[in-house]
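Atoms within a ligand are numbered from 1 in the order they appear, just like the ligands themselves. Please read these numbers as outputs of a predicted model, since none were measured by experiment.
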Amino acid sequence: MANLLADKTAVILGVVNKWSIAYAIAAAMRREGARVILTCQNDRLKKTVDELAAELGAAEVLMCDVSKDEDLATLADALGKYAPIDAVVHSIAFANKEDLSNPFVQTSREGFRMAHDVSAYSLVATARVLTPLMTRGGSITTLSYLGAVRVLPNYNVMGVAKAALESSVRYLAYDLGASNIRVNAISAGAIKTASARGIKDFSKMLETVEGKAPLRRNTDPAEVADTAVFLASDMGRGVTGNTLYVDAGYQIMAM
Ligand code: NAD
């Protein structure tokens, strides 16, 4: 391709296996010439993520559980040697399995708190610790889903957390714009990943989209990844505070 990210350094949070959207983004960013650093949630996953990092030619894998402020501070310290950082990709979400199958009205206080902490607040916390390393400006991109703005049965508390995430994108874009740091969300179509399998009847969502989306198919993670490249590149320099749909057009449909 065009080496759109030559001389740029990207930190990508959220690779757990090769089906992760973050993995597709890391591969596309490497293809475009970026130096890439991955993070990994815990020790248990480190071996797999190390192997994927080696395949990708990533510079390093650093540990970070985004629900822990101390992990985020340690991550920022460890990334100091790679500064300036130009792009941050936040591809992280979590909710209890029962909250993705029971009626939404049954969501517990703790389930609601945790989904919002990991899936929305972590973007704010990550931006706070990493933007001091983004001294020449740059781009922060997170991953959202249609459930932020429409009701999809079983998506439940995650939809509410994605609404908070998309709103956080707008507030962060305003704060960080003064430092020429852009903040955007990609609202990806449904993709079969480890997290998606936690949503009850996820395969029915894929079937519905295939039948109804304008492009008559589901979303390829590589399409999401190329949009992440665009946002991180200088081609995206005028885009901030947005939620971009990469979903084969499904979000425009009513019937
Ligand atoms: P995935 O399971 O591959 O990735 C989720 C990642 O979140 C994993 O790497 C996991 O380790 C990480 N994570 C969870 N809790 C964490 C914590 N406390 N600290 C650090 N990392 C943590 O699944 P995915 O589908 O690639 O999900 C990536 C993002 O894309 C999520 O925000 C998801 O909501 C979003 N998204 C997914 C789809 C889809 O259909 N798969 C559609 C739209 C948006």
Side-chain angles (χ1 to χ4, degrees), residues 11-27 38-46 48-49 52-53 61-72 74-75 88-97 99-100 113-123 125-126 129 141-150 152 154-166 168-169 184-199 201-206 208-210 213 218-225 227-228 243-248 250-251:
V11 180
I12 300 178
L13 298 90
V15 176
V16 65
N17 57 39
K18 67 176 178 204
W19 293 280
S20 295
I21 294 173
Y23 178 81
I25 293 173
L38 304 180
T39 74
C40 168
Q41 185 182 351
N42 57 42
D43 284 331
R44 199 171 46 79
L45 306 172
K46 179 96 169 37
T48 314
V49 181
L52 296 173
V61 178
L62 297 166
M63 303 291 285
C64 182
D65 180 332
V66 293
S67 65
K68 296 179 181 161
D69 285 330
E70 58 277 20
D71 277 25
L72 283 162
T74 307
L75 173 68
V88 175
V89 176
H90 172 279
S91 186
I92 286 176
F94 185 77
N96 286 326
K97 199 169 164 78
D99 291 330
L100 302 172
R113 185 204 65 73
M114 192 179 48
H116 282 70
D117 185 24
V118 176
S119 315
Y121 177 70
S122 68
L123 177 72
T126 303
V129 299
T141 303
T142 187
L143 274 298
S144 192
Y145 183 57
L146 184 61
V149 291
R150 307 255 194 284
L152 289 109
N154 301 320
Y155 200 63
N156 297 353
V157 71
M158 189 55 81
V160 184
K162 291 297 192 194
L165 181 73
E166 290 182 9
S168 301
V169 161
N184 293 286
I186 298 173
S187 186
I191 294 169
K192 208 182 262 182
T193 62
S195 293
R197 281 195 206 102
I199 303 163
D201 293 334
F202 180 75
S203 51
K204 280 194 198 148
M205 287 163 75
L206 293 176
T208 306
V209 172
E210 199 174 330
N218 276 290
T219 300
D220 179 347
E223 297 165 344
V224 178
T227 304
T243 298
L244 276 79
Y245 286 85
V246 181
D247 68 341
Y250 183 68
Q251 59 97 17

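- With a 4.0 Å cut-off on non-hydrogen atoms, S187 does not touch ligand 1 at all.
- Scanning for ring-ring contact (aromatic ring centres under 6.0 Å, His included) contacts around Y145 gives Y155, with sequence neighbours left out.
- The shortest contact between atom 3 (O) of ligand 1 and any protein heavy atom is with S20 OG, 2.6 Å.
- Among all protein heavy atoms, the one lying closest to atom 29 (C) of ligand 1 is S91 OG, 3.4 Å.
- In this structure, atom 4 (O) of ligand 1 lies nearest to the protein heavy atom G14 O, 3.6 Å.
- Applying the side chain to side chain donor-acceptor pair (under 3.5 Å) criterion to R113, with sequence neighbours excluded, gives E110.
- Counting heavy atoms under 4.0 Å from ligand 1, residue K162 touches it through the side chain alone.
- Heavy atoms from both the backbone and the side chain of V16 come within less than 4.0 Å of ligand 1.
- Of the protein's heavy atoms, I21 CD1, 3.6 Å lies nearest to atom 37 (C) of ligand 1.
- Looking only at protein heavy atoms, the nearest one to atom 21 (N) of ligand 1 is I92 CD1, 3.5 Å.
- Nearest protein heavy-atom contact of atom 30 (O) of ligand 1 is L143 CB, 3.4 Å.
- For atom 10 (C) of ligand 1, the closest non-hydrogen atom on the protein side is Q41 OE1, 3.5 Å.
- Here the heavy atom of the protein found nearest to atom 19 (N) of ligand 1 is V66 N, 2.9 Å.
- Of the heavy atoms in L13, none comes closer than 4.0 Å to ligand 1.
- Of the heavy atoms in C64, only backbone atoms (N, CA, C, O) come closer than 4.0 Å to ligand 1.
- The distance criterion of under 3.5 Å between nitrogen or oxygen atoms is met by I191 with respect to ligand 1.
- Of all atoms in ligand 1, numbered sequentially from 1 with element shown, those under 4.0 Å from a heavy atom of G189 are 40 (O), 42 (C).
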